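One structure is given below, encoded as structure tokens.
These numbers were taken from a predicted model, which means no experiment stands behind them.
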Amino acid sequence: MRKTEGFGAALLAWYDTHARVLPWRAQPGENRRADPYHVLLSEVMLQQTTVAVVEKRFPQFLDQFPDLKTLAEAPEADVMAAWAGLGYYRRARSLHACAKALMAQHGGVFPQDEKALKALPGIGDYTSAAISAIAFGEPAVVVDGNIERVVTRVARVTDEMPGAKKLIKGEAAKLMPDARFGDYAQAMMDLGARVCRPKAPDCLLCPVRSYCAVAGSAEAESLPRKAHKRKRKTVQGVMIVLRREDGAVLCEERPADGLFGGMLGLPGGGWDGRAVPEVAATLRDAGGVTHILTHRRLEIDVKTGPTDGSPGDGVWMQPDEARAAMPTLFVKALERALS
DNA sequence: AAGCCGTGGTC
DNA sequence: TGACCAAGGCT
């Protein structure tokens, strides 16, 4: 039987001297735990989003919404606008709903157990465990993409993802120390990010290589095993930039569900299941914009022209204000039309 | 349970 | 270029 005793202690010792310094984190030895609201916000922001991006956006968001109550009471449009450019915009809507639920159902006090946390909007298996461990020191089994990778290698889990998830969670539980559960979870993630990387893992300086089933072997890089992804489809459409005499641009709020749901966007269609507005045919061709999503490739023709017409169900906004509140795709289309 | 949902970086 | 990846959740 592989020895797991001592794994946690070895990793924590490494973390004590190698922890990344991050704005939402209580550093090891700081003798405090991170603020639950900060942990919630950072964890949601970090879902499928790189640390580099979150390091920049977390302080800005926190500045605008300094505490749970402020976030809960903020207009939804403000929250969505603050999320612009971060992607996966349902996260913003869920985060807002989560803050409201915490105020309404928990008196503004975070529950500490995973189960109660997971019942909140936008909080799933990973995030509930992470908040429970990091903000409250609970012995939750935290498994994210980094930890998945570390565990499949340490325990040599060769089953294909995502089927192996249950097995991985079991193995992850075996590796846990008997204290410092929050530090441990973050240590695992730091290890996965910096040492036990997807490509070219740095086994030579890994603090837990003596516990690892595949350390130093070529097999390490092959784990976890993942099925190949299917090719994305190309979708074509049109975006319309109508300009008023004062320079304002016609914008519109997108439907709550679907691509860029609830965000500020531009009129148009053909790429999102909606018909191309007839005005498009009367406007100047401003060029094209290509935008790559995880499972789709959008090829957009940008049309522009002056108008004194009524706003319809849209809203006139100055370009600077619009840019700040719109997903990147729309910003690109706007740039194309205005430059 | 497999597909949907953004964006930017790397190789 | 294209494939893969990054502290996932929801349906």
Could you pull out every donor-acceptor pair under 3.5 Å between side chains of residues 195-206 of chain A and any protein atom, sequence neighbours left out?
| from | atom 1 | to | atom 2 | distance (Å) |
| --- | --- | --- | --- | --- |
| R197(A) | NE | A200(A) | O | 3.2 |
| R197(A) | NH1 | R194(A) | O | 3.3 |
| R197(A) | NH2 | A200(A) | O | 2.7 |

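- Across all strands shown, I292(A) has heavy atoms under 4.0 Å from base atoms, whether or not it also approaches the sugar-phosphate.
- Of the listed nucleotides (dA6(C), dA7(C), dT7(B)), dA6(C) has the atom at the smallest distance from the side chain of P198(A).
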Would you tabulate the pairs of protein nitrogen or oxygen atoms and nucleotide nitrogen or oxygen atoms of nucleotides 3-5 of chain B closer than 3.5 angstrom?
| from | atom 1 | to | atom 2 | distance (Å) |
| --- | --- | --- | --- | --- |
| dG3(B) | OP1 | R230(A) | NH1 | 2.3 |
| dG3(B) | OP1 | R230(A) | NH2 | 3.3 |
| dC5(B) | OP2 | H295(A) | NE2 | 3.0 |
| dC5(B) | OP2 | R296(A) | NH2 | 2.9 |

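- Nucleic acid contact for L298(A): none, since no nucleic acid atom lies under 4.0 Å from a heavy atom of the residue.
- Within the structure, side-chain hydrogen bond (donor to acceptor under 3.5 Å, both in side chains) contacts touching residues 95-107 of chain A (residues at least two apart or in different chains) are E76(A)-H96(A).
- Of the candidate nucleotides dC5(C), dA7(C), dG8(B), dG8(B) has the atom lying nearest to any side-chain atom of T328(A).
- With dG9(C), dC4(C), dA7(C) as the candidates, the nucleotide lying closest to the side chain of R20(A) is dA7(C).
- Rounded to an integer number of Å, the gap from K118(A) NZ to dG9(C) P is 9 Å.
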Taking distance alone, no hydrogens or angles, what donor-acceptor pairs closer than 3.5 Å link side-chain atoms of residues 6-19 of chain A to residues at least two apart or in another chain?
| from | atom 1 | to | atom 2 | distance (Å) |
| --- | --- | --- | --- | --- |
| Y15(A) | OH | R25(A) | NE | 3.3 |
| D16(A) | OD1 | R180(A) | NH1 | 3.4 |
| D16(A) | OD1 | R180(A) | NH2 | 2.7 |
| D16(A) | OD2 | R180(A) | NH1 | 3.3 |
| T17(A) | OG1 | W14(A) | O | 3.2 |
| H18(A) | ND1 | W14(A) | O | 3.0 |

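- Pairs of residues two or more places apart, or lying in two chains, that qualify as salt bridge (charged side-chain N to carboxylate O under 4.0 Å, His left out) and include a residue from residues 133-153 of chain A are E148(A)-K165(A).
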Write down the protein N/O and nucleotide N/O pairs, taken from nucleotides 9-11 of chain B, whose separation is under 3.5 Å; answer none if there are no such pairs.
none

